Amino acid sequence: MDKQVNLDMPWYSLEWFYPVTFNNFTWEYRLVLYGLLLIPIFIIVRWLLKYRLNQKLPIALTESQIRSNPANIIRLIPDILLTLAVALMVVALARPQKSNEKVEQWTEGIDIMLVLDISQSMMIEDFKPNRLEEAKRVAQEFIEGRFQDRIGMVIFSGDAYSLSPLTTDYELLKSYIKDVNFEMIENRGTAIGSALAVATNRMRESESKSKVLILLSDGDNTAGNIDPLTAAKLATAYDIKIYTIAIGKEGKVPFGKDFFGRPRMVDNTLDETTLREIAKIGEGEFYRVSDSQSLERVFKLIDQYEKAEIKETRYKDTSDFYRNYLIWAICFFLLWLALKSTFISNVLQD
């Protein structure tokens, strides 16, 4: 990465010729810089023409009189000044610039309601440490990946309870999720229809262009006084898209300990029909997960599907610095002209 330098220097500062200064420029006409490669060719051609065409005055000198004098090197000063003037003109023509670009991002965001089952069956330990704790962990990771979305949460077992309204305070929401436990709702059972109705009520006044409901459950609807499919249709009427996730394995699963401290195995079944139909009505997707990795993948898929379009506005502030090099070029050129009237110049050549 190039070192940043302060370009608020006066034009006569020698820092304009530091390599680090040139590294910080962008060039409007970068191809013009290749003209610098033509300058040595110009010098050689000019020297050859002068050598062939200049007037020569034959003088007879002894060997002792033709010794070279170091002072003769000052005759190169005019040529050096002219070369510098041309080189700096090329640099000025290439338009050295410095651009400061600012980017502002914004999004209208998505309203997302997480609906989490906390019934007793979520204590089954086919997920470690159990289904509920794993669902909480993955939900928190999902929240961390969102950007300016409003997210709320509903928990349910025999009844449904709004844990958090739609909010962008993700840290507060994660603290709520962390405290979720099986004792928060006394009534036992699985009231899926009631949970959908509570979530819909929280989202019905939302003006967001995209409203999403994510339902995670491991059981059939066994409680509540609202049919899940009716509740799904009500949510769809408010343009709420529904994803459903059926969590848990079928067959023998560990649930608690027996008298000897060994895992107690119980039979577990899951009727997917209702959850599939809810997702179909809600124009979303149904997912069946039987391990932690599958649950993480599902939330990542939903995260990808339900991304708000991030818009950005770019502001570009460009400053030109060609004038500084042009002034230096003019100074060297004027100095070259001035030296033509001094003893440094050769009247036979100029």
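Everything numeric in this text was worked out from a predicted model, so none of it was measured.
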What closest approach, in Å, do [X] and [Y] show between heavy atoms, and which atom pair accounts for it?
X	Y	value
I245	V298	CD1-CG1, 3.6 Å
F127	S290	CZ-C, 3.5 Å
N24	K98	O-CD, 3.3 Å
S162	R202	OG-NE, 2.8 Å
I226	A231	CG2-CB, 4.0 Å
R188	Q120	NH1-NE2, 2.7 Å

Under a 3.5 Å distance rule, please check whether [X] uses its side chain to pair with a backbone N or O of [Y] as donor and acceptor.
X	Y	result
T21	F17	no
S13	M9	no
K136	V180	yes
Y170	D149	yes
N181	D179	yes
S164	M153	no

Does [X] belong to the same Ile/Leu/Val/Met/Phe/Trp/Tyr cluster as [Y], with side-chain heavy atoms less than 4.5 Å apart forming each link?
X	Y	answer
I185	V115	no
I80	L335	yes
I330	Y12	yes
L114	L216	yes
V86	Y322	no

Ignoring hydrogens and geometry beyond distance, is a side-chain donor-acceptor pair present between [X] and [Y] at under 3.5 Å?
X	Y	result
Y243	E306	yes
R297	S294	yes
D218	S121	yes
S119	D117	yes
Q97	D320	yes
E134	S292	yes

Can you measure from [atom1] ([X]) to [atom2] ([Y]) and round to the nearest 0.5 angstrom?
X	Y	atom1	atom2	result
E272	E277	CD	CD	13.0 Å
T236	L213	OG1	CG	9.5 Å
I110	K241	CD1	NZ	9.0 Å
W336	L84	CH2	CG	13.5 Å
N201	L234	CG	CG	9.0 Å
N187	S194	CG	OG	10.0 Å

Would you call [X] and [Y] a side-chain contact if the rule is heavy atoms closer than 4.5 Å?
X	Y	result
I124	N130	no
L163	M184	yes
L166	I151	no
T274	I278	yes
I41	L38	yes
I247	M122	yes
I214	I242	no
R276	T244	no

State whether the number of non-hydrogen atoms from other residues, nucleotides or ligands found under 6.0 Å of [X] atom [atom1] is greater than 12.
X	atom1	value
Y176	OH	no
K174	NZ	yes
E144	CD	yes

Indicate the ring-plane relationship of F321 and W16, choosing parallel, tilted or perpendicular according to the 30° and 60° boundaries. tilted
Measure the acute angle between the ring planes of W27 and F22, then classify it against the limits of 30° and 60° as parallel, tilted or perpendicular.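 Parallel, since the angle between the ring planes stays under 30°.
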Apply side-chain contact (heavy atoms from CB on, under 4.5 Å) to M123 and L132, showing your working. CA-CA 7 Å; M123 296 176 67; L132 178 60; over 6 Å; no
Closer than 4.0 angstrom, basic N to acidic O: yes or no for E296 and R137?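 Salt bridge flag = yes for R137 with E296.
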Aromatic centroids of Y325 and W11 separated by under 6.0 Å: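 No, the ring centres sit 6.0 Å or more apart.
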How far apart are the C-alpha atoms of F156 and I192, what are their side-chain angles, what is the distance that settles it, and do they pass the side-chain contact (heavy atoms from CB on, under 4.5 Å) test? CA-CA 7 Å; F156 69 97; I192 296 176; 3.9 Å; yes
T190 and D220: CA distance, side-chain angles, deciding distance, side-chain contact (heavy atoms from CB on, under 4.5 Å) verdict: CA-CA 7 Å; T190 306; D220 304 326; over 6 Å; no
Name the one of R150, K211, K209 that satisfies side-chain hydrogen bond (donor to acceptor under 3.5 Å, both in side chains) with D111? R150
What verdict does the side-chain contact (heavy atoms from CB on, under 4.5 Å) test give for V154 and L116, after you've listed the backbone C-alpha separation in whole Å, the side-chain angles of each residue and the deciding distance to 0.1 Å? CA-CA 6 Å; V154 170; L116 179 61; over 6 Å; no
